[in-house]
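Below: one structure, written as structure tokens.
Below, chains carry the letters A, B, ... as their sequence lines are ordered, and counting in each starts from 1. Only heavy atoms go into these numbers, but all of them, side chains included; no hydrogens, no water, no symmetry mates.
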2 protein chains.
Amino acid sequence: MEEISHKNPFKKPFFDLKELVDSIQEHLGCPATIEDTNHRLNAYSSHGVDADPARIGTIISQRVPEKVINRLWKEGIIPKLIQSDSALRIPHIDDIGLRDRVAIAIRKNNEILGYIWVVEGPKKLSHLQLEHLKDAAVVAIPLMAKIQQNRKRKEENYQEFLWQLLTGQFKNRDEIYEQVHELHLKIPNHFTVLVFYFEQDITQAMEEQISYLITTSQKITNHFLVLMDNELILIASPHPSQSDATAFDSFITYFTSEIANRFSILGVKGSSGKGYSDFSKAMTSYQEAQKVLELKKVFPEELENVFHYSQLGAFLYIDLIQQQLPDEHPAISKIRAYDKQHKSNFLKTLEVFIQQDSNMNEAAKKLFVHTNTLHYRMKRVAEIGEIDLTNVHEKLGIYLDLMARKMKNK
Amino acid sequence: MEEISHKNPFKKPFFDLKELVDSIQEHLGCPATIEDTNHRLNAYSSHGVDADPARIGTIISQRVPEKVINRLWKEGIIPKLIQSDSALRIPHIDDIGLRDRVAIAIRKNNEILGYIWVVEGPKKLSHLQLEHLKDAAVVAIPLMAKIQQNRKRKEENYQEFLWQLLTGQFKNRDEIYEQVHELHLKIPNHFTVLVFYFEQDITQAMEEQISYLITTSQKITNHFLVLMDNELILIASPHPSQSDATAFDSFITYFTSEIANRFSILGVKGSSGKGYSDFSKAMTSYQEAQKVLELKKVFPEELENVFHYSQLGAFLYIDLIQQQLPDEHPAISKIRAYDKQHKSNFLKTLEVFIQQDSNMNEAAKKLFVHTNTLHYRMKRVAEIGEIDLTNVHEKLGIYLDLMARKMKNK
DNA sequence: ATTCCTTTTGTGAAATTTCACAAAAGGTTA
DNA sequence: TAACCTTTTGTGAAATTTCACAAAAGGAAT
């Protein structure tokens with residue numbers, strides 16, 4: 001036994017990760033996989049005798065299923081792996097189809113390049129075998145690095161192109177598609193631009209965490225990623241598994257909450273433009289996404305749950321109106337004057353009432369008052385402002401005026 | 001008797017109408033009044049022994065009360081007077097306080113200059129006395145004409161000024177007030193501009209009928225009247241007897257319906273701008289009124305009951321939006337496509353639903369369908385368009401888009 | 001003709017909203 | 001302080017809306 005411990009079974013040249021992973025299976029007698037930092041599958045041993053659902057899912061979709069990743073985070077396993085130098089035993093988690101496993105991080109100068117996972121059969125790995133996994137991880141380093149570098153070089157090439165695309169540096173469609181062809185880019189046939197504003201500039205470390213979250217979340221398929229100071233731009237499609245309408249919404253909430261939870265990066269605001277098929281419309285979609293974020297700045301409560309351009313509704317027109325704002329609606333002036341004199345709050349009440357779709361109960365809840373109080377107030381508002389609150393056009397006019405004025409004053 | 005019949009008791013020089021009216025009273029033994037074409041009081045006999053409420057009202061307010069005029073029209077009395085050359089006996093109408101009367105038109109070459117009214121006492125006028133009234137009417141002609149001319153000359157002087165004012169020919173406030181002073185115009189301290197579009201150009205005959213209606217209606221106090229081709233412009237204030245908010249509305253409906261009923265001038269459309277105190281804002285108010293009329297052309301049903309600028313509500317912003325109309329709201333496109341394929345009517349349904357303040361019952365009535373039908377349709381609309389119909393912002397956005405597009409297509 | 005799908009209408013119970021009235025609370029003014 | 005006004009809250013009955021379900025009607029495709 002002693003003899004073997006001194007001998008590194010992986011001390012031979014491997015052409016690629018596939019060779020390595022096969023060698024691991026051979027040596028340990030268990031199926032193994034190698035993933036990159038983003039849990040994208042790089043290689044898996046072929047003679048899979050004994051695959052659990054998590055492994056099958058991973059292989060099929062070429063990456064670790066999202067729910068598995070989320071669970072590994074929740075259980076604190078991924079952070080532990082990142083910390084640890086040696087292989088760790090991960091107890092089975094039945095409800096996500098994960099059997100007993102052993103894993104080790106592939107690390108180069110404190111930078112995580114990926115992970116080796118081994119599914120344990122009924123016969124557990126010995127202490128020595130776990131030690132050998134360390135050797136495998138070392139061997140994997142140059143192989144992983146090669147892949148990473150390829151990817152990086154490719155990315156650097158198109159970063160500039162994308163930036164030009166999004167800021168409208170190209171004259172026409174043809175110019176764009178020429179470049180696309182030249183750079184050998186595979187462009188999606190349908191895409192949407194997502195934008196995230198960060199509170200500080202995005203550092204190298206953050207970039208990695210961002211990229212981690214994007215590739216591990218399986219709500220969207222990200223095609224391109226552009227970073228600029230404190231701005232993150234994605235060109236993505238809804239993941240095939242997701243319904244179009246909600247895919248981006250849920251990705252944005254997921255992304256902002258997870259980046260806060262996992263990496264303590266707070267105050268990230270995200271949005272998306274409309275979807276297009278023509279890649280030259282990327283700039284349009286980008287600008288739409290930006291418009292959403294700008295409006296969210298002005299109307300944080302009103303647009304709290306709005307992320308997609310086409311959900312902006314009336315706010316789409318508010319800044320248009322705001323630019324040519326006529327005299328204040330007479331009803332507003334009257335109510336404002338009344339409020340001032342009586343220290344009441346009728347204008348805000350009216351605003352909330354309209355916002356809640358003229359629903360007394362909802363509005364009363366929002367305002368923390370008794371329904372009858374609101375009822376009374378609306379009667380007063382109608383009197384004071386001399387308006388008919390069942391007339392949509394009046395209500396709309398007042399509301400648009402109110403919102404536009406709010407925007408102007410910011 | 002024969003002798004008297006040949007003798008014209010009014011064949012003597014009268015200095016003014018007051019003298020004439022006194023002479024009539026003296027001769028007939030009954031109180032008399034002389035009105036102009038617009039039933040404005042020009043003179044009344046002073047030794048009024050026997051006044052009925054209608055006479056008192058006329059004298060107090062310097063004109064015949066509106067309800068009396070309306071009734072006289074309804075009963076066909078005024079048209080008969082206009083037709084007739086001789087004095088007519090008008091039976092009492094108790095509910096408006098009108099006792100038995102005799103009246104005759106003052107006519108010059110088929111043009112009506114005014115009327116002489118005589119209140120009969122218990123002793124009725126003889127046939128001869130009625131004949132004498134004809135003489136009185138003839139005597140009245142030059143006296144009335146003098147007044148009319150004075151008024152006309154004065155009017156001609158300021159017509160041009162008003163036109164310049166309304167079309168923005170003056171550089172600043174001072175220039176306007178200088179002119180006002182020069183022309184000795186009494187300007188109101190609060191006014192509103194009303195505009196009426198006629199289907200044809202306004203003829204001399206129509207002008208008289210218009211002026212008749214305006215001065216007899218006592219809903220507004222008209223300060224100035226401007227005519228231009230097929231456009232009638234009034235600068236008016238609410239009549240002291242009327243509440244501000246509704247005065248103009250009811251005048252406009254009154255005017256358009258009466259000018260149709262009485263004079264068979266159909267298709268007149270009226271509107272009003274906002275009220276101002278600064279006379280230099282007359283142009284603004286005029287433009288506002290014009291904007292209302294233009295929008296009413298585009299949205300005849302939607303704005304059916306809207307006459308005042310401040311009732312335009314959301315339509316105020318529609319043409320702004322229409323000028324920079326972005327892509328159609330995705331929900332609209334979806335619903336429109338569905339409609340086309342299934343020959344359904346969901347888009348129109350949605351429009352009416354929003355217009356009726358999301359009130360199922362009202363909207364169902366408007367659409368002549370069962371409430372549940374509408375309920376079903378709205379459920380389908382929400383599904384097809386992937387929208388939340390309780391979200392005001394979405395609804396608004398869709399509605400504004402719909403309206404703006406409607407405007408653009410006209 | 002049959003089948004399938006969508007739409008319309010009817011029915012009635014359950015849920016919600018509206019409304020009038022009373023009482024209380026808070027603030028201002030003489 | 002009392003008198004007055006405005007606002008808030010509570011109560012409960014009446015009116016209205018919502019919703020599920022069933023049936024029927026209309027079209028399109030086979």
Exercise. Per the side-chain hydrogen bond (donor to acceptor under 3.5 Å, both in side chains) rule, which among A/Q355, A/H329, A/E394 passes with A/Y399?
Worked result: A/Q355

Problem set entry | A/N345 vs A/L367 side-chain heavy atoms within contact, under 4.5 Å | no

Exercise. Does the pair A/K296 and A/F307 meet the rule for a side chain to side chain contact (heavy atoms under 4.5 Å, CB included), with working shown?
Worked result: CA-CA 9 Å; A/K296 276 170 83 80; A/F307 302 101; 3.6 Å; yes

Problem set entry | Atom-to-atom span, CE of A/M360 to P of C/dT18 - whole angstrom | 6 Å

Seminar exercise, completed: Here the pair of heavy atoms bringing A/I220 nearest to A/L234 is CD1-CD1, 4.3 Å

Exercise. Roughly how many Å is it from CD in A/Q356 to C1' in C/dT16, rounded to a whole number?
Worked result: 17 Å

For this session: Give me the residues of residues 335-351 of chain A where at least one heavy atom lies under 4.0 Å from an atom of DNA chain C, by number, or none.
Result: A/K343

For this session: Find which nucleotide of DNA chain D each of A/V369 and B/E362 is nearest to by heavy atoms, and output the residue with the more 5' nucleotide.
Result: A/V369

Exercise. When the ring planes of A/H342 and A/Y338 are compared, do they come out parallel, tilted or perpendicular, using 30° and 60° as the limits?
Worked result: parallel

Exercise. Are the charged groups of B/K297 and B/E294 less than 4.0 angstrom apart, N to O?
Worked result: no

Exercise. When the distance from CZ of A/F368 to C1' of D/dT7 is rounded to whole Å, what number comes out?
Worked result: 19 Å

Problem set entry | Ionic contact status for B/K291 with B/E288, cut-off 4.0 Å | no

Exercise. Atom NE2 of B/H370 and atom C1' of D/dA23: how far apart are they, to the nearest Å?
Worked result: 13 Å

Problem set entry | side chain to side chain contact (heavy atoms under 4.5 Å, CB included) between B/Y276 and B/H190, worked out | CA-CA 6 Å; B/Y276 292 97; B/H190 198 265; 5.8 Å; no

For this session: With a 4.0 Å heavy-atom cut-off, tell me which residues in residues 372-382 of chain A come close to DNA chain C, sorted by residue number.
Result: A/N372, A/H375

